[in-house]
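Before any comments, here is the structure.
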Amino acid sequence: MITKDSIEAAYSFFHQKWRVYKFSTMSWQKDDIELAISDYVEQMSKDLYREIAHGKADYLLDHATFAADLESAVDRLEQLMANL
């Protein structure tokens, strides 16, 4: 079950991390953000993860697609919040 609180919490966390990641020029900082997001994904609502992942098994967990995934996660969570 996806709750309003889980959507808002994920949005707040991902949005904050995306804003830093997007403008960071430090590879160690980007790596730290990837690790923080990976840890968050492990404990977040599995239903919410499936909803924002749209079937992509390694969503937010693959270094090669991380930036695009994080940006899309923020967008998808914004859409979910708009429909609450």
Side-chain angles (χ1 to χ4, degrees):
M1 179 176 161
I2 301 172
T3 66
K4 177 182 177 186
D5 288 343
S6 68
I7 295 168
E8 290 173 345
Y11 175 78
S12 294
F13 186 73
F14 290 168
H15 183 267
Q16 180 220 22
K17 297 302 182 197
W18 172 238
R19 297 295 295 166
V20 174
Y21 188 93
K22 181 177 175 179
F23 296 108
S24 178
T25 58
M26 297 173 277
S27 60
W28 65 265
Q29 186 176 42
K30 288 185 171 190
D31 290 343
D32 285 353
I33 290 170
E34 287 187 43
L35 181 59
I37 294 291
S38 175
D39 290 344
Y40 190 89
V41 164
E42 289 298 317
Q43 59 86 29
M44 76 184 289
S45 159
K46 300 305 174 204
D47 292 335
L48 179 56
Y49 178 77
R50 280 191 292 276
E51 178 70 26
I52 64 172
H54 288 253
K56 185 176 177 199
D58 59 354
Y59 190 69
L60 295 168
L61 303 174
D62 181 354
H63 177 74
T65 60
F66 180 79
D69 288 351
L70 185 54
E71 183 175 23
S72 72
V74 170
D75 291 342
R76 290 171 184 169
L77 289 162
E78 268 182 6
Q79 292 170 1
L80 289 172
M81 287 192 328
N83 293 324
L84 293 176

*Is any side-chain heavy atom of Tyr21 closer than 4.5 Å to a side-chain heavy atom of Ile37?*
no
_Nearest 0.5 Å, please: how far is CG in Asp39 from CD in Glu34?_
12.0 Å
*Would you confirm whether Tyr11, through its side chain, and Leu80, through its main-chain N or O, come within 3.5 Å as a donor-acceptor pair?*
no
*Taking it one step at a time, do Asp69 and Lys56 satisfy salt bridge (Lys or Arg N to Asp or Glu O under 4.0 Å)?*
CA-CA 10 Å; Asp69 288 351; Lys56 185 176 177 199; 2.9 Å; yes
*Is Ser12 reaching over with its side chain to a backbone N or O of Glu8, donor-acceptor style, under 3.5 angstrom?*
yes
_Looking at every non-hydrogen atom in both residues, tell me the closest pair between Ala67 and Trp18 and how far apart they are._
O-CZ3, 3.5 Å
*Give the cluster check for Met26 versus Phe23: same hydrophobic cluster or not, with ILVMFWY residues linked at side-chain heavy-atom distances below 4.5 Å.*
no
*Could you pull out the closest heavy-atom pair between Tyr49 and Ala57, with the gap in Å?*
OH-O, 3.5 Å
*Would you give the length of the straight line joining atom OG of Ser6 to atom CG of Asp47, rounded to the nearest 0.5 angstrom?*
8.5 Å
*Find the distance between CD (Gln29) and NZ (Lys17) and round it off to the nearest 0.5 Å.*
9.0 Å
*About how many Å separate OG of Ser38 and NE2 of His63, when rounded to the nearest 0.5 Å?*
13.0 Å
*Cluster question for you: counting only ILVMFWY and a side-chain heavy-atom cut-off of under 4.5 Å, with indirect links fine, are Leu84 and Val74 together?*
yes
*asked:* Are Ile33 and Phe66 packed together at the side-chain level, in the sense that at least one heavy-atom pair is separated by less than 4.5 angstrom?
replied: yes
*Of the non-hydrogen atoms in Lys30 and Ser24, which two are nearest, and what is the gap between them?*
CE-O, 3.2 Å
*Over 60° means perpendicular and under 30° means parallel, so classify the ring planes of Tyr40 and Phe13, tilted if in between.*
parallel
*Between Leu35 and Asp31, is a side chain to side chain contact (heavy atoms under 4.5 Å, CB included) present by the stated rule, with each step listed?*
CA-CA 6 Å; Leu35 181 59; Asp31 290 343; over 6 Å; no
*Does atom NZ of Lys46 have more than 12 heavy-atom neighbours, drawn from other residues, nucleotides or ligands, at distances under 6.0 Å?*
yes
_Value rounded to 0.5 Å, distance of NZ in Lys22 from CD in Glu71_ = 6.0 Å
*Rounded to the nearest 0.5 Å, how far does CD1 of Ile7 lie from CE of Met44?*
9.5 Å
